[in-house]
Amino acid sequence: MKKPTIYITRKLPEHLLQPYTDRFDFQMWEKEETPVPRDVLLAEAKKAQGLVCMLSDKIDQEFLAQNPQLKVISNLAVGFDNIDIKVAHEKGIVVTNTPDVLSETTADLTFALLMATARRLVEANEEIKANRWGDWSPYYMAGTDIHHKKIGIVGMGRIGEAVARRAKGFNMSILYHNRRRKERAEQELGARYADFETLITEADFIVSLVPLSEETKALFDKNAFGKMKKSAIFINASRGAVVDEAALYEALKEGEIEAAGLDVFLHEPIDSAHPLSTLKNVVCLPHIGSASRETRTTMIQLCLDNIDGVFYGDGPKTAVK
Ligand SMILES: NC(=O)C1=CN([C@@H]2O[C@H](COP(=O)(O)OP(=O)(O)OC[C@H]3O[C@@H](n4cnc5c(N)ncnc54)[C@H](OP(=O)(O)O)[C@@H]3O)[C@@H](O)[C@H]2O)C=CC1
Ligand SMILES: O=CC(=O)O
């Protein structure tokens with residue numbers, strides 16, 4: 001059998017591809033930090049039987065209509081809102097993602113973002129860089145406590161539970177909201193199920209780890225921010241589009257909530273002109289939830305194993321259903 005061609009939309013380390021080169025002909029976009037242009041993606045994918053893609057690649061109806069020959073699309077992410085799953089499945093294309101292997105790393109980052117926002121770490125660091133650290137004063141750079149507070153996790157899935165485990169270590173009380181209750185997690189973590197409104201009203205820290213879908217688009221809107229405590233801190237580590245960014249900006253500017261920590265944005269990348277990044281009470285990160293060297297390597301290996309499973313094994317390890 002002729003080796004299947006796999007197109008990879010970002011430059012990946014050759015040594016990670018090497019174990020598979022006897023079975024696949026890899027073609028790859030040559031840049032690590034710049035996404036493949038749409039026209040190149042469309043042209044290259046047509047020559048391939050498999051695709052490794054990233055969050056920034058829109059695998060939409062147009063792409064899928066032009067590439068019915070693809071057997072597998074392997075997304076280097078657990079979230080798959082960049083892919084039209086329904087259309088891919090109608091065309092018989094297997095879609096895979098990278099669940100579990102990034103949960104602990106993303107939970108580390110989410111909790112770090114929560115802590116950095118509550119204790120104003122970025123602002124405090126900027127004080128020193130700008131030579132503004134003066135005499136001691138009682139409330140200089142005072143933030144808010146984390147321990148013994150109430151965290152509300154919207155999207156208590158793999159990553160949500162990993163965040164809850166960290167919160168437990170800080171003696172926080174834990175509320176969560178999903179469409180379905182998770183009694184096992186309630187017992188293991190001492191978490192309490194709440195409807196969305198109760199969670200956003202009662203929690204000191206509201207953490208979004210819910211996947212982007214039609215149901216969750218702009219879930220955190222003006223109405224939601226209006227119901228939060230004035231002292232609430234909002235953390236988003238899922239997708240920018242679950243938030244109405246204009247409403248969040250207003251809530252932060254008008255003091256309806258205290259602060260926000262954001263790893264994700266509606267249109268990425270953002271820059272210093274983005275309204276949310278101009279606010280002192282916001283910590284912005286460039287979508288680095290799973291960005292540890294170890295986890296990114298494991299994710300890449302899982303993407304390749306999934307493709308290998310489709311062509312030569314019993315199927316992929318982690319298919320999107
Ligand atoms: N910042 C970053 O770099 C990263 C971001 N992510 C984001 O985190 C998300 C979560 O990942 P992961 O934990 O692995 O996913 P999971 O599928 O394990 O968890 C998602 C949870 O959200 C709940 N949920 C889904 N839809 C709704 C809804 N409409 N209302 C309320 N709850 C809902 C689900 O429960 P139920 O079905 O019962 O509702 C489930 O418990 C990803 O989809 C991705 O967007 C992931 C990795 C890194
Ligand atoms: O945002 C990252 C992901 O894995 O999803």
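Hydrogens, waters and symmetry mates are skipped; everything else that's a heavy atom, side chains included, is used. What you see is a predicted model; the values in this text were computed from it and never measured. Note that ligands are numbered from 1 as they come in the structure, with each ligand's atoms numbered from 1 the same way.
- Applying the side-chain contact (heavy atoms from CB on, under 4.5 Å) criterion to D308, with sequence neighbours excluded, gives Y20, R23, F24, Y312.
- Atom NZ of K217 has 12 or fewer heavy atoms from other residues, nucleotides or ligands within 6.0 Å.
- Between K150 and E202 there is a salt bridge, with a side-chain nitrogen of the basic residue lying less than 4.0 Å from a carboxylate oxygen of the acidic one.
- For the side chain to side chain contact (heavy atoms under 4.5 Å, CB included) with I307, the lone residue among I8, V72, L51 that qualifies is V72.
- Note on V264: it does not cluster hydrophobically with V78, by side-chain heavy-atom contacts below 4.5 Å among ILVMFWY residues.
- Around ligand 2, the residues contributing at least one heavy atom under 4.0 Å from the ligand are L55, A77, V78, G79, L102, R239, H287.
- Applying the side-chain contact (heavy atoms from CB on, under 4.5 Å) rule to A251 yields the partners F225, E256, I257; only residues at least two apart in sequence or on another chain are considered.
- Of the heavy atoms in N178, both backbone and side-chain atoms come closer than 4.0 Å to ligand 1.
- The distance criterion of under 3.5 Å between nitrogen or oxygen atoms is met by D263 with respect to ligand 1.
- Using a 4.0 Å cut-off between heavy atoms, I159 contacts ligand 1 through both its backbone and its side chain.
- Ring geometry for Y193 versus H177: interplanar angle of 30 to 60°, hence tilted.
- Listed by chain and residue number, E126, V283 satisfy the side-chain contact (heavy atoms from CB on, under 4.5 Å) test with V122 (two or more places apart in sequence, or in another chain).
- Contact annotation: for R158 versus ligand 1, heavy atoms closer than 4.0 Å belong to both the backbone and the side chain.
- Within ligand 1, the atoms closer than 4.0 Å to a non-hydrogen atom of P211 are 20 (C), 22 (O), 25 (C), 43 (O), numbered from 1 in the order shown.
- In this structure, of G289, A237, A162, the residue bringing a heavy atom nearest to atom 5 (C) of ligand 1 is A237.
- Taking every heavy atom of S238 and a limit of under 4.0 angstrom, the matching atoms of ligand 1 come to 5 (C), 7 (C), 45 (O).
- Of the protein's non-hydrogen atoms, the one nearest atom 9 (C) of ligand 1 is L209 O, 3.8 Å.
- Of the possible donor and acceptor atoms, one in the side chain of R166 sits under 3.5 Å from a partner among the backbone N and O of A162.
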